[in-house]
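Have a look at the structure below before the remarks.
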Amino acid sequence: MNCVSDAHDGPTRRRLLAAALALPGLCVSNQALAQHHHAPAAIKTVADFDTAVWTRLLREGPRPAAYVFTTTYCSTCPAVFELLHDTLRTTKARAELAAVVMDAQGERALVHAHHYRGVTRLYAFNGFEPEIRHAVDPKWRNITPYVVLLDRQGRTQRVIGPPGAAQLKTWLA
Amino acid sequence: MVRRGRVWGRWLLTLAVALGGVGALAQHMHGAEVGAVGGGAGGAAGGTARPAKAPRPQLATGVAFAPDGRLWLTGLDAQGRLFVQSAPAQDLQAWNAPRVLDTAGDVIAADGENRPKLAFGPRGQVVISYTQPRAKPYTGWIRMLRSSDGGQTFSAPFTVHADQQEITHRFESIAFDAEGVLHTVWIDKRDMEAAPKAGKKSSYRGAAIYRNESRDGGASFGPDTKVADHSCECCRIALAPGADGQLRAMWRHVFEPNVRDHGFAVLSSGAPVARATFDGWQVDACPHHGPGLALADDGGFHAVWFGIRKERGEDVAAVRYARLNADGSPRLSTVRALPDEAAEHADVAAAGARVAVVWRSVEGARSTLRAWLSNDGGQTFQRHALAQVQGDNDHPRLAQQGARMVVVWRTTQEVQVHELRF
């Protein structure tokens, strides 16, 4: 439901991605990502999320990545993290699994991190929620979980609710 | 048509100037929140300590007319404190000073469809309700303050429901019926919590709608009783009186197997649940988008709701309007989408043949308040743009007293009051 794909390909982005992965403190390494999918999440910080951040994430990675947009009262959201975590563990794939909290910041967002199984990064909306949502997808009507799967080539699949098996396979191909 | 009441605007403007400009306005709406805030996308997973920043403003408000015609508003102020203020019937921009109420340190949800609400009873009773998120994620209690002197003084907050588990009791709605009985209706997960698990998931579909009654304006309450099993979990509940004075509720339901359409019921013991919409939207997700409901002059109802339905093989998301019969079943030939693909969080009110539907339409940072007005009981409508703002704002709220209808729209800079003229 509500799935679209687009491509952001190019050698420049690959170089940027390689540079980013090489810089400690800028991105989580693949090794760290793999460990996260076998150990309880230990998220201690929340990063701001706005339109500029989203543009940068799409352009520069990390990849592959899953961005799960959620709220503190979205009780259907943890199941999607379970699904994505299990998929990564089963396939032994490495990917960023990011939670993007739309309705809380700081500690209020952080207390939810342990509900997001396998999460490697926690973001929180910083700004006018509909404006950020509009930048992510003008057709997205704040239904959560809203999932953006970003594959190695920078193509995206956008899904309301749990992604299907075919979408997960495409994501990690 | 438009009257604006600058309630918080003056002190916000003063604050903004003091802090170096209007651009700082939204950032300084609320006090600093203690939190570990790391960098942006490029920030390290370990994070670098940064000064705590002001959280987003919590603008969600409740509005209602008092029996004397004053318009009342309740919400959270810049410090996250519950306040009330009111404006006289003859001048809805002449707001009195906001009065902060003692909530005993409760955290209060005031974002989107979570909002403080107020209702007036027949004997000087005023009640204010809100959801208090508890420490455990996804939990909450419905709390209330009551007044028996027309809102001059309020009690300390108390919990409305008998169930004291730290589980979900959220998205409450309150209203007095024609006999002066106070009804509180909310989303409750006690049945889901008690149900056996199938693997990691509960075997119970969704949550439930619970209610109770108070026959003394909130001084005491009857038992918690269930209205319906299997409601959706994160959407507001609409209440409206029927022609008989009894209240009706409309909420997003989870019909088998996983269809998020809307249920409808009379708030009385053992009333059956009618299905009010037939979008057939199957999704395992939270729409955060509850319905609106108003009594029609023929004993049926006007309803607005958000949903996604298949049309010619495509998923079409829209806020839709329809007439319902008195039992809540839809008149399918009246279903139509609002004339705005970006419409969200619509509200509806009616008086005789006059029907008002209002909604917010967002495009980037710009939000437009729109109205759809009918003089023929909802057969035809005329669309109006009432206002436009940049930046954060609340959903529009309709308030009604007799034939008088106003839209209240709170932004970071002001509270706008738009008197609807048909």
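Proteins get letters first, then strands, A, B, ... in listed order; numbering begins at 1 in each.
A distance of 9.5 Å separates CG of B:Asp111 from CE of A:Met102, quoted to the nearest 0.5 Å. We find the CG-CD distance between B:Asn393 and A:Glu129 to be 10.5 Å, quoted to the nearest 0.5 Å.
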- [ ] Please report the C-alpha distance between B:Val362 and A:His134 in whole Å, then the side-chain angles of each, then the deciding distance to 0.1 Å, and finally whether the side-chain contact (heavy atoms from CB on, under 4.5 Å) criterion is met.
- [x] CA-CA 8 Å; B:Val362 180; A:His134 199 261; 5.6 Å; no
Task: Residues B:Gln58, A:Asp103; criterion side-chain contact (heavy atoms from CB on, under 4.5 Å); working and verdict - done: CA-CA 10 Å; B:Gln58 291 185 281; A:Asp103 67 324; over 6 Å; no
Task: Steps toward side-chain contact (heavy atoms from CB on, under 4.5 Å) verdict (A:Ile143, B:Phe306) - done: CA-CA 11 Å; A:Ile143 305 157; B:Phe306 171 76; 3.9 Å; yes
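Interface remark: B:Arg170 contributes side-chain atoms only to the contact with chain A (heavy atom separation under 4.5 Å). For a residue to count as touching a neighbouring chain, one of its non-hydrogen atoms must lie under 4.5 Å from one of that chain's; by this rule B:Lys189 touches chain A with the side chain only. B:Thr168 does not touch chain A: none of its heavy atoms, backbone or side chain, sits under 4.5 Å away. Only the backbone of A:Thr72 comes within less than 4.5 Å of a heavy atom of chain B; no side-chain atom from C-beta onward does. Using a 4.5 Å cut-off between heavy atoms, B:Glu314 does not touch chain A at all. Only the backbone of B:Ala342 comes within less than 4.5 Å of a heavy atom of chain A; no side-chain atom from C-beta onward does.
Between B:Glu344 and A:Pro130, the shortest heavy-atom distance links the atoms OE2-CG, 4.5 Å. For the pair A:Thr71 and B:Tyr138, the tightest heavy-atom approach, listed with the atom from each and the gap, is O-CE2, 4.4 Å. The minimum heavy-atom distance linking B:Ala285 with A:Ile160 is given by the pair CB-CG2, 4.0 Å.
The 12-atom threshold is exceeded at CD of B:Glu166, counting heavy atoms of other residues, nucleotides or ligands nearer than 6.0 Å.
Under a 3.5 Å cut-off, the side chain of A:Arg141 and the backbone N or O of B:Gly307 do not form any donor-acceptor pair.
The only option from A:Phe69, A:Tyr73, A:Tyr146 that meets the ring-ring contact (aromatic ring centres under 6.0 Å, His included) definition with B:His288 turns out to be A:Tyr73.
Counting heavy-atom pairs under 4.5 Å between each of B:Gly206, B:Cys234, B:Ala365 and chain A puts B:Ala365 at the top.
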